[in-house]
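One structure is given below, encoded as structure tokens.
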Amino acid sequence: NNQESKKRQRQEQPQSEKAKSYRHGGGIGKRKQGEHLANFIVHVMLHKLGAAGVPESSSDWGTTKPRDSLKAVQQLNSGSGVIDAAGGSGHVSMALGLAGVKSTVVDPRENVGKLPAKDRKVWNKAKRNLVVASTDGIPLCQPIVPYEALRAWFSSKP
């Protein structure tokens, strides 16, 4: 039986490989995936705005000047923010909010925008411990922006 052979293969794998085989995204958690996507969105906006010296490689994104990142965040917030379509629990919106970008999670599931407990703790701790300081009028940290959740679907209700 094919299922039994797959089960046997999983049992024979070392524990570290088992953990990787059950996760998407190369073994990183959903919160980290959300951070990567939020960084990608900010850097796409930086390229669109024509910011000079924006790194091409995602491994160098941390070297972006705060002033440039601020311009991208302001542009993303200029309308109603970002739509996190099929956003599930809201990990991308959490990362966007931590970066100072307004967003709305849209998903048909009942748990739309409801982060798991460990991620809610991170979110709430970040909101409590936020220190927004500035030098020369440039914020060192973007204020955390709460995201909204909207349950929506096409056709008949799920």
Side-chain angles (χ1 to χ4, degrees), residues 10 15-49 51 54-134 137-158:
R10 283 194 302 262
Q15 188 63 28
S16 61
E17 287 184 30
K18 272 188 196 179
K20 289 180 185 176
S21 68
Y22 287 109
R23 293 185 187 157
H24 298 285
I28 61 173
K30 288 186 177 187
R31 187 180 335 145
K32 196 68 170 171
Q33 289 176 10
E35 290 171 12
H36 285 302
L37 189 54
N39 283 333
F40 172 76
I41 291 169
V42 169
H43 279 80
V44 166
M45 186 55 61
L46 284 172
H47 280 285
K48 183 178 178 191
L49 293 172
V54 177
E56 293 292 326
S57 172
S58 62
S59 61
D60 297 329
W61 284 352
T63 62
T64 305
K65 296 176 192 170
R67 184 180 301 253
D68 289 336
S69 293
L70 179 61
K71 290 176 189 175
V73 168
Q74 288 173 339
Q75 182 66 31
L76 288 166
N77 285 333
S78 64
S80 299
V82 175
I83 298 291
D84 184 2
S89 298
H91 289 92
V92 172
S93 286
M94 174 184 168
L96 287 168
L98 291 172
V101 178
K102 295 183 289 188
S103 66
T104 302
V105 184
V106 180
D107 198 285
R109 292 172 272 196
E110 290 182 21
N111 66 341
V112 61
K114 294 179 184 169
L115 291 165
K118 63 182 178 178
D119 295 324
R120 274 196 313 271
K121 286 180 184 178
V122 169
W123 175 255
N124 291 329
K125 185 177 180 181
K127 288 194 309 187
R128 278 193 312 270
N129 296 334
L130 180 69
V131 177
V132 180
S134 65
I138 303 171
L140 298 177
C141 180
Q142 284 294 319
I144 293 174
V145 179
Y147 60 89
E148 297 179 17
L150 175 66
R151 187 170 183 217
W153 53 88
F154 297 101
S155 184
S156 60
K157 185 175 180 179

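- Scored by the side chain to side chain contact (heavy atoms under 4.5 Å, CB included) test, Gln75 finds Met45, Leu49, Ser78 as partners (sequence neighbours excluded).
- Among residues at least two apart or in separate chains, there is no ring-ring contact (aromatic ring centres under 6.0 Å, His included) pair with a member in residues 95-121.
- The backbone N or O of Asn77 sits less than 3.5 Å from a side-chain atom of Lys102, completing a donor-acceptor pair.
- Contact record, Leu76 with Val42: CD1-CG2, 4.2 Å, taken as the closest heavy-atom pair.
- Annotation: ring-ring contact (aromatic ring centres under 6.0 Å, His included) contacts involving residues 95-125, sequence neighbours excluded, comprise Trp123-Tyr147.
- Applying the ring-ring contact (aromatic ring centres under 6.0 Å, His included) test to pairs two or more places apart or on separate chains, none has a residue in residues 67-88.
- Residue pairs meeting the salt bridge (Lys or Arg N to Asp or Glu O under 4.0 Å) criterion with at least one partner in residues 34-48, sequence neighbours excluded, are Lys32-Glu35.
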Could you pull out all donor-acceptor pairs under 3.5 Å where a side-chain atom in residues 82-100 meets a protein atom, sequence neighbours excluded?
| residue | atom | partner | partner atom | Å |
| --- | --- | --- | --- | --- |
| Asp84 | OD2 | Ser93 | N | 3.3 |
| Asp84 | OD2 | Ser93 | OG | 3.1 |
| His91 | NE2 | Asp119 | OD2 | 2.6 |
| Ser93 | OG | Ser103 | OG | 3.0 |

